[in-house]
Amino acid sequence: MKKVNVKQILVGKPLKSTDDDSHLLTKFQALAMLSSDALSSIAYGTEQIVTVLLTLSAAAIWYSLPIAALVLVLLVALTLSYRQIIHAYPHGGGAYVVSTENLGANAGLIAGGSLLVDYMLTVAVSVSAGADAITSALPALHPYNLLISIILVLLLMLMNLRGLRESAGFLLVPVYTFVAATVLLLIVGLFRVMTGDLSYNATSHIGSVVPGISIILLLKAFSSGSASLTGVEAISNAVPFFKKPKARNAAGTLALMAMILGLFFTGITFLNYYLGVVPNAHSTVLSQVAHTIFDFNGVGRIFYYVFQLSTAMILAVAANTGFSAFPMLSYNLAKNKYMPHMYMEKGDRLGYSNGIISLAAGAVILLAIFNGSTERLIPLYSIGVFVPFALSQTGMVVKWRREMGNKFWRRAISNMIGAAISAIIVLILLVFRLADIWPFFIVMPILIGIFYAIKRHYTEVAHQLRLEDKVVDHVYSGNVVIVLVGNVTNVAVGAMSYAQSIGSEVLAVHVSTKETYRKDKEVETEFKALYPNVRFSIVESSYRDIVKPVVRYVDLVSKSAEKKNHTVTVIVPQFVPKHSWQNILHNQMSVRMRYYLSWRDNVVVSSYSYHLKK
């Protein structure tokens, strides 16, 4: 009977390393895979601005137009700047690599750490929004919001573990359906506006004086609307995922994504103002705009439901941007020894599997802590993404100044604009939204401390393992081999035979407890009959613990062996069942024993495995 490989069923058969290039993305595929987070912000970007303005009065909604224009300026500046980053740093890494190279390690770690947390938030909030969309359509499922969110995370994780092309192929339908549905919405809406088929119902005329309006309110609205730009940096992190020429394809994809995002954001903000739509608890701004434009009659009703379905799908899969960018960012941090080296390893399907799994685990933990309702985490989006924005743009200004001298401003104008606006947004958040973003200032120092602890560990390991100019060989004169004997069986006999082949002195040790005293004497008698010349030691345990008495015995032998210039090898016998599931039927004492003994200096721990046939 052929053995079933569950892993291959879930993620597919392993790919050869030579298949790496054939598994990369075209621009069409990359747009679907890397733009879902940015494009999904269309569903809430305008609403975020209008909601803040509405705290004063509905008449203030006309200010959403100039605020949207300023958001577009920031989008253009960021797009031009990240295109420069893609060409200047084609190996990926985005804000982390730019900040590290031009502003120093601390700035790089702040940018990298911020984005790591931001990607986890992206996944948690996106799947939560997707679950809300599902349970809104099927109210009977509402009690299972958290479970649905976790299932969505796991499905996205498995999809990404299967490989880049597979996950991109899956995302083609929801992303391009949303793009097509939104294009249709804007075309129909603008056509009906120009033909006079839609009434002008704006809450106030452009330029109207609104009593009580303040620069503080406008800045808050601008910072809220700018949150819709999260995900713009993802493509610069993932340049290595593109087909050759990588940098050109990545830059082209970024430009196309920015153009779509800008057109959609502008069109929806204008239609929202023209129609006089006001947010309410029962229907989103985007839903109300679509309801009005499609007229909700006849064919229009079908178009409305198609648009709502596409919106729900894009929200649900927006998390995939995090699954694409997080592993690449983790790779770059690990390459510089700030994260474990396991994040540099590719899985069976040529993706950075450990990064994908870690991101999923972090998102599930966030969902569990906040019970699937992550609204309180949304403000952290802004600080988590605009700090790296500000650092990366500033880093590019420094780079151009270093490389081009006094004429640097010709290349750095977009970087300076992006850095200035991003810094202003960070300042706004610090002054007016500190109550919402304070966890950022607790998490980041802890995260940076962890980064430096990992770096110190790798540096110390490298120092201790490095061969000096003068290598002094220590020549041992013998090897004391200790064999752990539980019972006199084929396993013990095999282990003894191996021990005698490698050791100048062989010792056997058996742990005895009060409950097993009579049996222990029988074991000693049997062993002595087979090996009369081998020293057999019985170590008593008062608390039924096997591991600690053995460790103490090994320590005593090790001290004695050191005086004789002998090494010490401990052989832990174990038997291996024919079927892996049978392991649960046996204790794992050998695993525990090897673990505790592995921490002893000058002691070699070895396993002797006896394979069962049935």
Side-chain angles (χ1 to χ4, degrees), residues 17 20 88-117 119 237-240 325-348 350-359 361-362 388 391-392 395 398-399 402 443-476 479 551 554-555 558 562 565 567-570 591 594-607:
S17 297
D20 204 2
Y89 301 93
H91 298 297
Y96 165 67
V97 172
V98 175
S99 302
T100 300
E101 183 174 303
N102 299 292
L103 301 177
N106 288 330
L109 292 179
I110 292 172
S114 298
L115 286 173
L116 287 180
V117 174
Y119 291 139
N237 280 326
V239 179
F326 183 98
M328 203 64 225
L329 177 58
S330 300
Y331 169 86
N332 281 286
L333 282 161
K335 187 171 66 175
N336 291 335
K337 296 181 170 56
Y338 289 112
M339 286 184 70
H341 284 167
M342 67 178 186
Y343 289 101
M344 297 171 63
E345 299 171 3
K346 289 188 176 182
D348 287 348
L350 303 177
Y352 295 106
S353 304
N354 290 320
I356 293 169
I357 294 170
S358 297
L359 177 60
L391 289 171
S392 63
V398 172
K399 174 182 172 66
R402 184 176 64 246
V443 172
M444 285 309 300
I446 295 173
L447 198 54
I448 291 173
I450 292 172
F451 289 152
Y452 276 116
I454 294 172
K455 177 79 169 183
R456 281 194 301 271
H457 170 75
Y458 281 130
T459 302
E460 291 168 1
V461 168
H463 177 72
Q464 294 179 53
L465 297 181
R466 188 179 300 116
L467 289 175
E468 304 296 339
D469 294 337
K470 185 179 179 181
V471 180
V472 179
D473 291 325
H474 189 111
V475 180
Y476 291 99
N479 183 20
V551 172
V554 170
D555 286 341
S558 178
E562 188 176 357
N565 194 33
T567 59
V568 175
T569 300
V570 180
V591 176
R594 288 198 304 273
Y595 172 78
Y596 283 99
L597 288 172
S598 66
W599 295 96
R600 321 315 287 182
D601 284 335
N602 304 318
V603 173
V604 177
V605 183
S606 177
S607 297

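No hydrogens, no waters, no symmetry mates; every other heavy atom, side chains included, goes into these values.
If you take OH on Tyr331 and NE2 on His341, they are separated by 11.0 Å, rounding to the nearest 0.5 Å. One finds the CZ atom of Phe326 at 6.0 Å from the OH atom of Tyr343 (value rounded to the nearest 0.5 Å). With values rounded to the nearest 0.5 angstrom, Ser358 atom OG is found 6.5 Å from Met339 atom CE. For the atom pair CG (Leu391) and OG1 (Thr100), the distance works out to 9.5 Å, reported to the nearest 0.5 Å. In this structure, OG on Ser330 lies 9.0 Å from CE on Met342, to the nearest 0.5 angstrom. The line from NZ of Lys337 to CZ of Arg456 is 15.5 Å long, rounded to the nearest 0.5 Å.
Considering all non-hydrogen atoms of both residues, Met328 and Ala238 come closest at CG-CA, 4.3 Å. Taking every heavy atom of both residues into account, Ala111 and Ala95 meet most closely at CB-O, 4.0 Å. In plain terms, the two heavy atoms of Leu115 and Pro388 that are nearest each other are CG-CG, 3.8 Å. The minimum heavy-atom distance between Leu329 and Gly112, with the atom names listed, is CD2-O, 3.5 Å. Contact record, Ile454 with Pro340: CD1-CD, 3.9 Å, taken as the closest heavy-atom pair. Residues Tyr89 and Val97 share a closest heavy-atom pair of CD2-CG1, 3.6 Å.
Within the 4.5 Å cutoff, the side chain of Ser114 has no heavy atoms near those of the Tyr96 side chain. Using a 4.5 Å heavy-atom threshold, the side chains of Ile110 and Ile448 count as touching. With a 4.5 Å cut-off on side-chain heavy atoms, Val554 and Val603 count as touching. Within the 4.5 Å cutoff, the side chain of Leu333 has heavy atoms near those of the Phe451 side chain.
No more than 12 heavy-atom neighbours from other residues, nucleotides or ligands sit within 6.0 angstrom of OH on Tyr595.
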Note to self: The test is side-chain contact (heavy atoms from CB on, under 4.5 Å); show your working for Leu109 and Tyr452 and say whether it passes.
What the structure shows: CA-CA 9 Å; Leu109 292 179; Tyr452 276 116; 3.6 Å; yes
Item checked: Stepwise side-chain contact (heavy atoms from CB on, under 4.5 Å) check, Ser558 with Arg600 -> CA-CA 9 Å; Ser558 178; Arg600 321 315 287 182; over 6 Å; no
Next item on the list: Begin with the C-alpha distance, continue with both residues' side-chain angles, and end with the deciding distance and a verdict on side-chain contact (heavy atoms from CB on, under 4.5 Å) for Arg402 and Asn102.
Entry: CA-CA 9 Å; Arg402 184 176 64 246; Asn102 299 292; 2.9 Å; yes
Check: Are Val551 and Leu597 close enough, and set up right, to give a side-chain contact (heavy atoms from CB on, under 4.5 Å), and what steps lead you there?
Finding: CA-CA 6 Å; Val551 172; Leu597 288 172; 4.0 Å; yes
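At distances below 3.5 Å, not a single donor-acceptor pair connects side-chain atoms of Asn336 with backbone N or O atoms of Lys455.
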